[in-house]
Structure formats: C-alpha cells, structure tokens
Amino acid sequence: MDSIVIEGGTVLEGAVPLGGSKNAALPVLISSLLTADKCSYDRVPALRDVRTTLRLLSRLGVTIERDVVADGRLELTADKVHEREAPYDLVKTMRASFLVLGPLLARFGEARVSTPGGCAIGSRPVDLHLQGLERMGAVISQDHGYVDARARKLRGAAIPLAFPSVGATENLMMAATLARGETVIRNAAREPEIAELAAVLTKMGARVSGAGGEVIRIEGVDELHGVSHEMSPDRIETGTFMVGAALTGGDVLIEDARAEDLEAFTAKLREAGARVEREAGGVRVTGNGRARGTDVATLPYPGFPTDLQAQMMVLMSVSDGASVITENIFENRFMHVQELNRMGARITLDGNRATVRGVAELSGAPVMATDLRASVSLVLAGLVARGVTEVSRVYHLDRGYEDIEGKLARLGADIRRVDRDD
Ligand code: UD1
C-alpha cells in the first residue's frame with residue numbers, strides 16, 4: 001500500500017496547474033445515462049472516483065472510448081444500457097454512485113441501487129433523494145440493502161428540500177429532465193457544480209433554469225441528445241494549494257483558478273493574513289508571516305466549504321492565537337484532529353466544534369489518512385512539520401487529488417510516494 005513521505009520545512013513557490021473538478025465530473029459523467037447519443041468530455045481528472053464511476057457506467061452497459069489517464073478526454077455512449085442495478089461493491093466505495101438512480105429511473109422506468117450506508121465522515125442518508133423521486137411519482141421500496149425505484153413515466157413536481165443537499169439536487173435535477181411537466185426544486189444546493197451540471201443538461205436539450213440559485217425549474221422533455229463538455233478546474237484542489245502557499249509562507253500561482261467560486265474561503269484566508277490576488281492566469285497566494293487565528297464555520301455554498309475545513313484547520317494549528325472551527329455539514333468530519341494532535345497540534349473537540357490553539361511548530365510523525373480531505377490536510381501538515389511525516393493509506397487521497405505529490409514537488413516540497421508492501 002502506498003504512503004506519502006514528506007520532509008517538512010520547504011516553501012512552496014511557482015505555478016501549479018489544476019485538474020478538472022471531481023465533484024463536477026462525477027455527476028456530469030453519470031448524466032450520459034440520460035441519452036443514447038455519444039457524449040464527449042474533456043479535462044476529466046484521472047482520479048480513483050472517476051475510475052469507479054466509469055466501472056459503474058460500464059457495468060450498466062455504457063460504452064467507454066478513450067483513456068482518461070492519457071489526455072483527460074472521454075467519450076461515453078449509453079445506447080446499450082442492459083443493467084439497471086448499481087451494486088453494493090461500487091456504491092460503498094463512492095457515494096456519488098447513488099446518482100445513477102435518477103437518470104436510470106427517468107430513462108428506463110426502473111432502477112435498483114445499493115444504499116450507501118455509513119462512511120467515515122457520518123451516516124450520510126439519502127432520504128432527500130428518495131422523497132423527491134416519490135413526489136415525482138416513483139414507487140420506492142427498500143430491501144436487502146437496495147433501493148428499488150419504479151415509475152413508467154416520472155411527472156414534474158414541487159420539491160422543497162429540507163436541506164440543500166448537493167447530491168439530492170443533482171439526482172432530482174437529472175430525473176426531472178425527462179419527466180412529464182415542470183419540476184420546481186426549492187432550497188436547492190447552490191454549489192458551482194450544480195450550475196455546471198445544469199449547463200451540461202441544457203446543452204443536451206434539457207430545459208433547466210435557476211441552477212446556482214435556491215429555486216431550480218426543470219421543464220421535462222421527451223429525450224436528450226449528445227453533448228461535448230470540458231470540466232471546470234477543481235475548486236477544492238484550488239483551495240488546498242491556496243492553504244499550502246499561505247502555510248509555508250510561499251508564493252504560488254494557481255493556474256486557471258476561479259476565485260469567484262471560493263469567496264467565503266478566500267475571505268477567511270485573508271482574515272488569517274494571507275495575500276490573495278486574482279491575476280489573468282489564475283489566483284496568486286502569498287504567505288505573509290505567521291497566520292492569525294480565525295474562526296470558521298462550514299456552510300452550504302456560498303458559505304465556507306466543508307471540503308476545505310481540514311486544510312484550514314492545519315493553517316489554524318500553526319497560527320498565532322486560537323480559533324474555533326465549526327462543522328455544520330457532516331456529523332463526524334474531524335478525524336484529522338487526532339492525527340494533527342499527534343503531530344503536536346493543540347485541538348480539542350466538543351461536538352461539531354473544534355477549538356484550535358495555535359502552536360509555533362508541528363513535528364513530523366507517522367499518520368494515517370481516514371478520508372479524502374483529512375488525508376490532504378495531513379500532507380499539508382507534513383509540509384510545515386519539523387522532520388519527516390509519513391501519511392499512510394493514501395488511497396483516500398487518490399480518490400480526489402491528481403498527482404498531488406508531483407505537483408507539490410514541482411513547487412519545491414520534499415515529498416515522495418513510497419510503496420509499503422505491509
Ligand atoms: C457533495 C460533495 C462533497 C461535499 C458535500 C457537501 C460530490 C461528489 N460530493 O457530497 O465533496 O463535501 O457535497 O458540500 O459532489 N443529507 C441528508 N439526506 C440526504 C442527502 C444528504 O440528510 O438525502 C445530509 C448528509 O448526510 C450531509 C449533508 O446532507 O450531512 C450534506 O450532504 P450532500 O450535500 O448531499 O453531500 P454529497 O452530495 O454527498
């Protein structure tokens with residue numbers, strides 16, 4: 001199993017390219033199920049979650065042409081979909097697999113998808129997905145760990161979401177494109193990935209308006225057609241490099257980064273003392289002495305993203321003063337805390353609130369990754385820790401970061417991947 005070994009104490013400097021957005025790519029690739037035509041995608045990131053999605057689509061009968069690892073280009077054709085079932089072994093490794101439910105049901109009238117169950121960061125239910133589909137006329141039953149959904153033809157419905165869930169908004173938006181009549185999703189998630197999926201669906205012939213806002217309207221059509229789309233750059237990868245630059249007192253240009261998608265995060269980084277400037281080529285972040293303690297609370301977009309909470313906590317761990325970090329999206333997204341404390345951080349937990357007392361220095365240690373964003377936070381911590389940090393179980397990291405060690409090494413970090421066969 002691979003580990004990442006980092007010798008701390010280097011400063012990140014230079015320019016770094018971004019991969020395509022993971023959270024945009026997964027629903028967009030899945031939306032290819034809505035048409036029998038060929039769909040072409042560019043800037044598809046070579047990530048483990050993308051490969052899992054392709055394995056799932058291929059198992060359903062989607063034809064996959066071209067190799068994503070080679071040049072980020074993919075062609076998917078869902079003209080011979082022979083399976084309607086997303087099995088447990090794929091859904092359990094990646095919750096986004098559940099997004100095939102809406103498209104399969106809308107196009108073929110039936111779908112059977114394993115329930116995701118728990119994962120390291122919390123119970124993560126799918127009740128909002130199911131309630132929405134029921135409102136659209138689906139008959140849903142659950143047995144043996146699977147959700148079974150049927151509807152000869154979905155019908156448009158008013159769907160008020162109790163919480164602006166990203167996944168539920170995407171699943172319902174895709175289902176509604178082929179329903180009869182108008183669907184109105186209220187309290188919809190407003191993440192940029194929602195607007196991106198809506199733009200793709202619109203290019204496919206769907207009639208979607210309001211995506212990116214709280215109310216999304218979808219007027220169902222009889223069929224959708226093929227599309228060509230280039231994925232946006234990954235905003236969470238962007239934020240991760242921004243923290244890396246601030247943390248090491250470096251100077252990094254994050255190429256093609258879209259600052260407008262990260263305003264709440266950027267405001268907090270500035271409050272902590274980093275310099276963040278928009279440039280023609282992207283976003284430049286310059287460290288500016290020791291960071292200041294800054295309180296952070298995660299919220300649905302446009303609030304501070306939960307996917308950058310762990311990275312921000314590393315910056316707070318070595319900042320001057322104390323900060324309180326409140327996690328409002330996931331119930332158990334603090335697994336990095338124990339590991340950061342083993343590296344000398346002073347963090348205490350009380351429910352969904354972490355109090356971080358900044359220390360002058362972290363010390364390198366063997367640590368274990370527990371989920372995607374926790375693992376990258378340990379890599380960041382290793383960059384500023386004294387001595388060597390070895391992060392094990394980096395398969396979590398490979399779910400969402402493309403060649404992170406190569407990119408950090410090119411910015412000057414002393415970092416390498418090693419194969420530990422124990
Ligand atoms: C997506 C992102 C993930 C990000 C998260 C929140 C993808 C592939 N993943 O995950 O990186 O951290 O948004 O920004 O885009 N919930 C329910 N019932 C539901 C659905 C969700 O209670 O039916 C709860 C979840 O348990 C969680 C919260 O809502 O506490 C947010 O979940 P959601 O927005 O759905 O996140 P994902 O789509 O899973």
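In each ligand, atom 1 is the first atom listed, and ligand 1 is the first ligand listed.
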May I ask which of Pro27, Pro125, Ala168 has a heavy atom nearer to atom 26 (O) of ligand 1 than the others do? Pro125
Test the Arg84-Phe108 pair against the cation-pi criterion, namely NZ or CZ under 6.0 angstrom from the six-membered ring centroid and within 45° of the ring axis. yes
Could you tell me whether some N/O pair between [X] and ligand 1 is separated by less than 3.5 angstrom?
X      : answer
Pro164 : no
Asn23  : yes
Lys22  : no
Leu128 : yes

Output the list of atoms in ligand 1 that are nearer than 4.0 Å to some heavy atom of [X], sorted by atom number.
X      : answer
Gly167 : 35 (O), 38 (O)
Arg95  : 20 (C), 21 (C), 39 (O)
Phe163 : 28 (C), 29 (O), 31 (C)
Ile329 : 27 (C), 28 (C), 30 (O), 31 (C)
Val126 : 19 (C), 23 (O)

Counting C-beta onward and ignoring hydrogens, is there a side-chain heavy-atom pair between [X] and [Y] closer than 4.5 Å?
X      : Y      : answer
Leu224 : Thr177 : yes
Val394 : Glu405 : no
Leu172 : Leu161 : yes

By salt bridge (Lys or Arg N to Asp or Glu O under 4.0 Å), Glu263 pairs with (sequence neighbours left out) Arg278
Test salt bridge (charged side-chain N to carboxylate O under 4.0 Å, His left out) on Asp398 and Arg48 and set out the steps. CA-CA 6 Å; Asp398 297 333; Arg48 209 159 64 94; 5.8 Å; no
Heavy-atom pair of closest approach, residues Ser32 and Leu57: OG-CD1, 4.3 Å
When every non-hydrogen atom of Val28 is compared with those of Ser31, the smallest separation belongs to O-OG, 2.6 Å
Polar side chain donor-acceptor pair, Asn171 to His129, under 3.5 angstrom: yes
Relative to ligand 1, is [X] under 4.0 angstrom through side chain, backbone, both or neither, heavy atoms considered?
X      : result
Tyr301 : neither
Arg333 : side chain
Asp49  : neither
Asp307 : side chain
Glu193 : neither
Thr306 : side chain

Please lay out, stage by stage, how Asp2 and Arg417 fare under the test salt bridge (charged side-chain N to carboxylate O under 4.0 Å, His left out). CA-CA 7 Å; Asp2 287 358; Arg417 183 179 285 252; 3.1 Å; yes
